[in-house]
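These numbers come from the heavy atoms of this one structure, side chains and all, not from hydrogens, waters or symmetry mates. Labels below follow one simple rule: chain letters A, B, ... track the order of the sequence lines, proteins then strands, and each chain is numbered from 1.
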Protein chains: 2
Amino acid sequence: MSDTPEPSGPQASQEPSLDEQIAAYQREFRDLDPQVEKVVSALGRLNRRMNVAYGRQVADLGISNAEWEVLKTLVLSGAPYRLGPGELAKRLGLTPAAMTHRIDRMAGEGLVTRDRDENNRVRVIVELTDEGRQKWLEAMRMATAFEEELLQDLSAEERGSLGEMLIRLLRRVELTQPDAGGRLTDLD
Amino acid sequence: MSDTPEPSGPQASQEPSLDEQIAAYQREFRDLDPQVEKVVSALGRLNRRMNVAYGRQVADLGISNAEWEVLKTLVLSGAPYRLGPGELAKRLGLTPAAMTHRIDRMAGEGLVTRDRDENNRVRVIVELTDEGRQKWLEAMRMATAFEEELLQDLSAEERGSLGEMLIRLLRRVELTQPDAGGRLTDLD
DNA sequence: GCATCGAACTTTAGGATCGAAGTCTTCAGG
DNA sequence: CCTGAAGACTTCGATCCTAAAGTTCGATGC
C-alpha cells in the first residue's frame, strides 16, 4: 500500500507554453521548422483567446457570439440592413437550415425582423431592428476597446507591417484554397 | 409581370473584401481605427480559412478536425501518449461530457484505447494506438507542407518578426483575459 | 393557362456539445 | 468496518448544427 503515491499517472496539468509545445513537436517530428510552427501556433492560440474574449464581452449584452456575427453581417451590408437567409448563411458559413433557426431565435429576441419579400414571395427578408442595431453598436464599442488594448504594445509601424503580412498570408491561403463553397467550421 | 427583374433585392453575393469590409465599418462606426481593424479582421479571416484547409486535409485521412485535435494533444503529452479524459478535456477546452463521447468514437475507430487505471480505479487512461500515432504523423506531414506553402511569401526575417509580434499579442491577451477555466468555443 | 423546372426557404433526423445530475471509487474519520 | 466527503467520469436533457428531403413560389415552354 502506498507505493503509487502519485505523479506517474495521467494527470499532468495545463496547456503547455508555446515554446514547450514546439519543442515537444520537434521531438516527435524531426523535420519541423520551428519558425513556421511558431507563427502558426501563435496564430491559432491568439485567435482562440480572442474569440473567448469576444464571447465574454457580448454575453454581457445578453447576446451570443453567434448572434453578434449575424448583427455584424447585417450592418456590413449597409442601410437598410437587409439580407436574405441564404445570403446570410453563405457569408457566415452556415447551412441555410441553421440560418433559419438562428433567425427564429433572433427574431424572437427582437434583434431582427423576418418578412416575405413583397415582390417575390419565395424570398424572405431579414432586417435589423433598431434594438439590433443598438446591440451591434454597444458590442462594437466593447470590441474596439478590447482590440485597442490588445495592440497596445505595438507601434504604428509594427501594426502596419503586421497587418500587411497577415494580408499577404490571407491572399496566399485564398489562392491555394479556392474555398469551394466552404464551411467555416471548427477551431484549432 | 417582369418589373422586378432583379438586383435591388436582398441578394448581394459574396463575402466583401477586407478593404471593403473595413470601409463599411467606418461608415457605420466613426471612431474606428482602420489599422487596428485591419490587423484584427485579417487575423480572423486567416484563421477561418486555415481551419477549413486543415479540415479538408485531415478529412482525406478519414478523421475529423476534432479527432485530430485529440491526436495532437496526446502526442504532445509525450510517450507513452497517455492522458485522462479530464485532462484532455481541459486542454481541448471541452466539457468532460463531450470528451467522453469523443473518446468513445475514437476508441471505436481504433485511434485510441480507453482503460481503467489499475492503481486508481476511478481514473481512466486514454492511450494513443499505433494506428492513431500513424494518423497523426500523416496529418502532421500534410499540415507542415501546407504551412510551409502558406508562409512562402515571407522571408525568414519577416517570419521571425511576425512570430514575435503574434507572441506579444498572445501575452497581452493572456494578461487581460485570465482565462477563467475558459471554454474555447466559437469562431469569428 | 397549365405543367415542369429551378430557386429559396423550412422541416426532419442524426450527431456533437454543454450544464446539471448521477455513479462509482478512494480517502479520512469515528 | 461504516459513514461522509471529494474526485473523476458518465448519463441525461436541451440546444445548435449538418445533410437530406420536403414546400412553396416564380419562370418557361407549349
- [ ] Test A:Gln21 against every option in A:Gln26, A:Arg45, A:Lys38 by the side-chain hydrogen bond (donor to acceptor under 3.5 Å, both in side chains) rule and name the one that passes.
- [x] A:Arg45
TODO: Using atom CD of B:Glu67 as one end and atom C1' of C:dG15 as the other, report the distance to the nearest whole Å.
DONE: 13 Å
Task: Between D:dC9 (C1') and B:Ile125 (CD1): distance, integer Å - done: 14 Å
Open item on the list: Both A:Ala97 and B:Arg114 contact DNA chain D. Which one's nearest nucleotide lies toward the 5' end?
Closed with: B:Arg114
- [ ] Please state whether the phosphate of D:dT15, meaning OP1 or OP2, lies under 4.0 angstrom from any side-chain nitrogen or oxygen of A:Arg102.
- [x] no
Open item on the list: Taking any heavy-atom pair under 4.0 Å as a contact, classify A:Pro96: base, sugar-phosphate, or nothing.
Closed with: base
Task: NZ/NE/NH1/NH2 to OD/OE distance under 4.0 Å, B:Glu138 and B:Arg141 - done: no
TODO: Looking only at side-chain atoms of B:Val124, point me to the closest of D:dT10, C:dA16, C:dT11.
DONE: D:dT10
Task: Nucleotide D:dC9, atom P - distance to CG of B:Leu92 in whole Å - done: 14 Å
Task: Under-4.0 Å salt bridge between A:Glu87 and A:Lys90 - done: yes
Task: Separation of atom CE in A:Met99 from atom C1' in D:dT15, rounded to whole Å - done: 16 Å
- [ ] Return the nearest nucleotide to the side chain of A:Ala98; candidates are D:dT10, D:dC17, C:dC9.
- [x] D:dC17
Task: Salt bridge A:Arg168-B:Asp153, side-chain N to carboxylate O under 4.0 Å - done: no
Open item on the list: Looking only at the side chain of A:Pro85 (C-beta and beyond, no hydrogens), which of the listed nucleotides D:dA19, C:dC9, D:dT10 gets closest?
Closed with: C:dC9
TODO: Considering only NZ, NE, NH1 and NH2 on the basic side and carboxylate oxygens on the acidic side, decide whether A:Glu67 and A:Arg105 come within less than 4.0 Å.
DONE: no
Between the protein and nucleotides 24-26 of chain C, list every N/O to N/O distance that falls short of 3.5 Å.
| unit_1 | atom_1 | unit_2 | atom_2 | d |
| --- | --- | --- | --- | --- |
| C:dT26 | OP1 | B:Arg121 | N | 3.1 |

Task: Atom-pair distance (CG on A:Asp117; P on C:dA8), nearest Å - done: 12 Å
TODO: Measure the acute angle between the ring planes of B:Trp136 and A:Phe29, then classify it against the limits of 30° and 60° as parallel, tilted or perpendicular.
DONE: perpendicular
Open item on the list: Expressed as a whole number of angstroms, how long is the span from A:Lys90:NZ to C:dC9:C1'?
Closed with: 14 Å
- [ ] Measure from the side-chain heavy atoms of A:Arg123 and tell me the nearest of C:dA8, C:dT17, D:dT10.
- [x] C:dA8
Task: NZ/NE/NH1/NH2 to OD/OE distance under 4.0 Å, A:Arg159 and A:Glu148 - done: yes
- [ ] Rounded off to whole Å, could you give me the NE2-to-C1' distance for the B:His101 and D:dG13 pair?
- [x] 11 Å
